[in-house]
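Side chains are part of it too, since the values below use all heavy atoms of this structure and drop only hydrogens, waters and symmetry mates.
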Amino acid sequence: MPIIQKKPLSANEGIKTRSNYLRGDLAEDLADLTRGNISADNEQLIKFHGSYMQDDRDIRSERRVQKLDKAYSFMIRVRVPGGVTTPHQWLEMDRMSDDYANGTIKLTTRQAYQLHGVIKSNLKQTIKEINDTAMDTIAACGDVNRNVMCNPNPEFSSVHAIASKVATDINTHLTPQTGAYHEIWLDGEKVVSSEECEEPIYGKTYLPRKFKIAVAVPPSNDVDVNANCLSFIAIVENGVCVGFNIAVGGGMGMTHGMENTFPRVADVIGFVTVDQAVEAAEAVVKVQRDYGNREDRKLSRLKYTVEVHGAEWFKDKVNQYLGWDMQEARPFEFTSNGDRFGWVEDEEGRHHFTLFVQGGRVLDTDDYKLREGLREIAKIHDGDFRLTANQNIQIARISPENKPKVEALLESYNMASQNNATGMRLNSIACVSLPTCSLALTEAERYLPSVITELEETLEKAGLNDDEIVIRMTGCPNGCGRPFLAEIAMVGRGPNAYNIYLGGGFAGQRLNKLYKESVPSEHLVNTLAPIIWDYSVHREEGEHFGDFVIRSGYVEATENGADFHLNIKDKAFN
Ligand code: SRM
Ligand code: SF4
């Protein structure tokens with residue numbers, strides 16, 4: 001039986017209930033162009049449709065002084081299941097980034113596209129044109145299942161084909177059924193119908209909170225299973241994908257000063273065959289729908305449902321909802337959570353090139369015409385593109401005949417050389433943060449590159465240029481760049497101040513731990529550089545940085561989420 005709610009439900013539950021399956025008065029509000037924003041309720045509802053209202057924070061205070069409204073615009077997130085997207089879709093995103101957005105494409109940490117800076121009067125047309133390219137934005141955000149991630153893994157293309165199909169099938173199966181999306185954005189006809197027709201899986205209040213699914217193909221953990229509510233870990237026996245282990249309860253977001261919020265690694269609770277995967281996903285979603293916390297949105301992610309009730313309880317519930325028992329989980333091993341850059345040939349003889357994209361931001365600068373270069377490749381490309389979970393891009397499934405042409409463009413646009421960056425830079429992630437993110441406490445995407453440049457002086461002297469060190473920066477502790485799984489993380493604490501966390505596992509298998517709190521920006525490098533130097537001198541053969549800092553006593557290991565805040569010593573910065 002579902003839990004009886006004792007405290008009042010969160011305000012968002014009321015918004016969802018009143019919305020008539022995500023309609024609210026969003027259509028009318030969007031049509032009102034006398035103002036650049038939308039109402040507070042619609043600001044919540046529009047997320048389910050794949051958009052966030054934002055404002056340019058760089059000019060917020062200046063506009064306040066001038067007694068002007070905030071400079072409102074909208075971010076649009078486009079779902080790309082498994083990150084697989086066609087050259088035509090790429091070209092259309094590229095065009096729309098100029099026609100309607102700020103001239104950049106953001107490749108996200110969940111293999112999606114984002115456009116920033118779309119003004120209200122262009123929002124509907126942009127979303128319509130995105131749908132014209134056979135992509136959509138519904139459920140890219142909101143209290144529903146989001147874009148399902150999948151490892152691109154070209155080396156094992158038959159395994160990837162299965163993993164990718166499962167990711168797409170789950171994505172489709174868990175897409176909200178409401179007619180609201182078509183009515184509002186695509187001028188679809190209004191149909192009045194029942195809950196069974198509108199939302200057979202979610203019901204009228206959808207899920208307590210956002211829900212995230214990833215499909216991983218070991219040994220790569222590039223999708224970071226421990227940051228996902230639900231993960232499918234491919235089990236490959238004799239070269240064949242026989243099914244998936246099911247892991248539940250991973251997640252990143254926490255709030256500074258609230259120790260009952262924490263990142264958490266997932267629990268592996270069973271194994272299902274390939275054919276059972278979609279059904280298993282639905283069962284897990286339904287358990288969360290019925291037992292997740294709907295009172296306090298800070299405690300409503302699936303990770304807290306698992307933490308509160310225990311993994312065994314959760315497994316029993318899933319079996320109960322399935323009506324049959326999952327099998328025992330099977331052995332697997334992850335060896336890294338980064339991307340493998342450069343060329344790979346798959347078993348079908350097709351070629352794949354993974355390109356490093358700093359911060360996932362595709363734009364043209366005076367020195368580096370990345371957007372133009374990718375546009376030229378898309379024009380002649382006979383395969384597909386795959387957005388990686390680490391904000392990079394794979395030019396995938398290139399035919400042997402086309403490979404020389406792609407190679408020539410990679411050279412002429414100076415793209416290939418980007419992959420010669422240090423192992424630290426290639427393993428870096430920065431979330432969007434300022435100026436668009438409303439929750440940012442400080443910089444991330446615009447700042448991490450220069451922090452790495454300064455750290456590279458130490459890496460060079462220490463002979464660590466090629467060593468892979470996973471480093472991530474976010475502008476706040478919500479964890480969009482999955483910082484708590486990094487070997488080094490800098491997490492915004494306030495304006496120009498960061499908490500430094502150390503000791504995440506290189507394969508994303510272990511959370512890190514707070515090392516220093518509220519470190520001013522100008523002291524990040526001189527705090528980290530001596531530890532990196534120490535690592536170069538005292539590491540053991542093959543030892544990763546995250547393991548070294550624990551063995552050397554800089555931090556204690558975090559076993560799981562509940563002890564993330566424990567055993568922290570000398571955290572004050574001085
Ligand atoms: Fe995120 C909210 C950007 C991946 C945890 N995230 C936001 C918002 C929408 C801010 C807001 O609510 O107003 C950010 C928009 C910034 C902007 O201007 O674009 C934002 N999140 C992103 C992206 C674009 C970061 C990036 O640089 O790539 C990623 C988009 C992924 C996608 O395509 O769907 C992104 N966010 C993540 C991840 C990583 C992941 O899923 O692998 C996490 C941590 C994993 C997890 O969910 O536990 C993440 N985002 C959050 C949270 C904290 C949720 C929580 O459990 O507390 C918030 C805030 C919230 O939901 O209240 C948030
Ligand atoms: Fe914004 Fe914080 Fe997410 Fe960065 S981690 S994008 S600052 S919500």
Side-chain angles (χ1 to χ4, degrees), residues 10 109 207-212 214 221 224-231 247-269 288 291-314 337 429 431 439-441 444 470 472-494 498-505 507-519 546 549-550 554-572:
S10 73
T109 51
L207 295 180
R209 200 71 158 83
K210 54 174 71 166
F211 192 95
K212 298 187 173 178
N221 184 22
D224 262 332
V225 298
N226 287 316
N228 283 275
C229 303
L230 166 62
S231 294
V248 294
M252 293 286 97
M254 59 157 236
T255 304
H256 290 310
M258 278 184 67
E259 295 208 349
N260 59 344
T261 65
F262 44 80
R264 187 179 190 281
V265 297
D267 293 283
V268 178
I269 59 167
Q288 170 65 357
Y291 293 92
N293 180 328
R294 288 184 186 261
E295 300 147 3
D296 185 346
R297 285 178 70 78
K298 287 204 180 296
L299 302 175
S300 56
R301 297 294 300 277
L302 180 133
K303 65 181 173 183
Y304 298 114
T305 315
V306 177
E307 185 70 25
V308 167
H309 296 283
E312 270 304 307
W313 174 94
F314 199 93
N337 62 356
I429 292 183
C431 73
L439 305 175
L441 302 172
V470 178
R472 297 175 176 178
M473 177 182 273
T474 57
C476 85
N478 281 316
C480 301
R482 299 190 289 272
F484 305 116
L485 289 165
E487 297 183 288
I488 301 175
M490 288 157 279
V491 174
R493 185 71 176 93
Y498 297 80
N499 282 1
I500 295 181
Y501 297 81
L502 299 176
Q509 78 280 21
R510 182 182 59 233
L511 296 169
N512 50 26
K513 175 88 62 201
L514 181 61
Y515 172 62
K516 291 285 176 218
E517 196 170 30
S518 291
V519 181
V549 290
I550 292 169
Y554 288 101
V555 289
E556 290 197 16
T558 297
E559 301 302 336
N560 204 344
D563 74 347
F564 180 73
H565 299 291
L566 298 181
N567 304 324
I568 293 164
K569 44 184 182 181
D570 308 330
K571 63 180 178 175

Non-hydrogen side-chain atoms of H565 and M254 separated by less than 4.5 Å
yes
Report the residues that fulfil side-chain hydrogen bond (donor to acceptor under 3.5 Å, both in side chains) with R510, sequence neighbours left out, ordered by chain and then residue number.
D547
Could you tell me if the side chain of V491 sits less than 4.5 Å from the side chain of F484, heavy atoms only?
yes
Determine whether L230 and F211 satisfy the following criterion, side-chain contact (heavy atoms from CB on, under 4.5 Å), listing intermediate values before the conclusion.
CA-CA 8 Å; L230 166 62; F211 192 95; 4.1 Å; yes
Test item: M252 and N478 side chains (from C-beta on) under 4.5 Å apart, heavy atoms:
no
Do L511 and L485 have side chains that get closer than 4.5 Å, going by heavy atoms?
yes
Any heavy-atom pair between the side chains of Y304 and N293 that's under 4.5 Å?
no
Should L502 and I488 count as side-chain neighbours, where that means a heavy-atom distance under 4.5 Å?
yes
side-chain contact (heavy atoms from CB on, under 4.5 Å) between R482 and N337: does it pass, once the steps are laid out?
CA-CA 11 Å; R482 299 190 289 272; N337 62 356; over 6 Å; no
Taking side chain to side chain contact (heavy atoms under 4.5 Å, CB included) as the definition, give me every residue that meets it alongside L441, ordered by chain and number, with sequence neighbours left out.
H256, C476, P477
Do V308 and W313 come within less than 4.5 Å of each other through their side chains, counting heavy atoms only?
no
State which residues pass side-chain hydrogen bond (donor to acceptor under 3.5 Å, both in side chains) with S518; sequence neighbours excluded, sorted by chain then number.
none
Does the side chain of V555 come within less than 4.5 Å of N512's, by heavy atoms?
no
Assess the residue pair L299 and N260 against the criterion (side-chain contact (heavy atoms from CB on, under 4.5 Å)); give the C-alpha distance rounded to whole Å, side-chain angles, the decisive distance to 0.1 Å, and a yes or no.
CA-CA 8 Å; L299 302 175; N260 59 344; 3.8 Å; yes
Taking the inter-plane angle between the rings of F564 and Y501 on a 0 to 90° scale, is it parallel (under 30°), tilted (30 to 60°) or perpendicular (over 60°)?
parallel
Would you call E556 and K513 a salt bridge, using N to O less than 4.0 angstrom?
no
Enter the distance from Q509:CD to N221:CG here, rounded to the nearest 0.5 Å.
8.5 Å
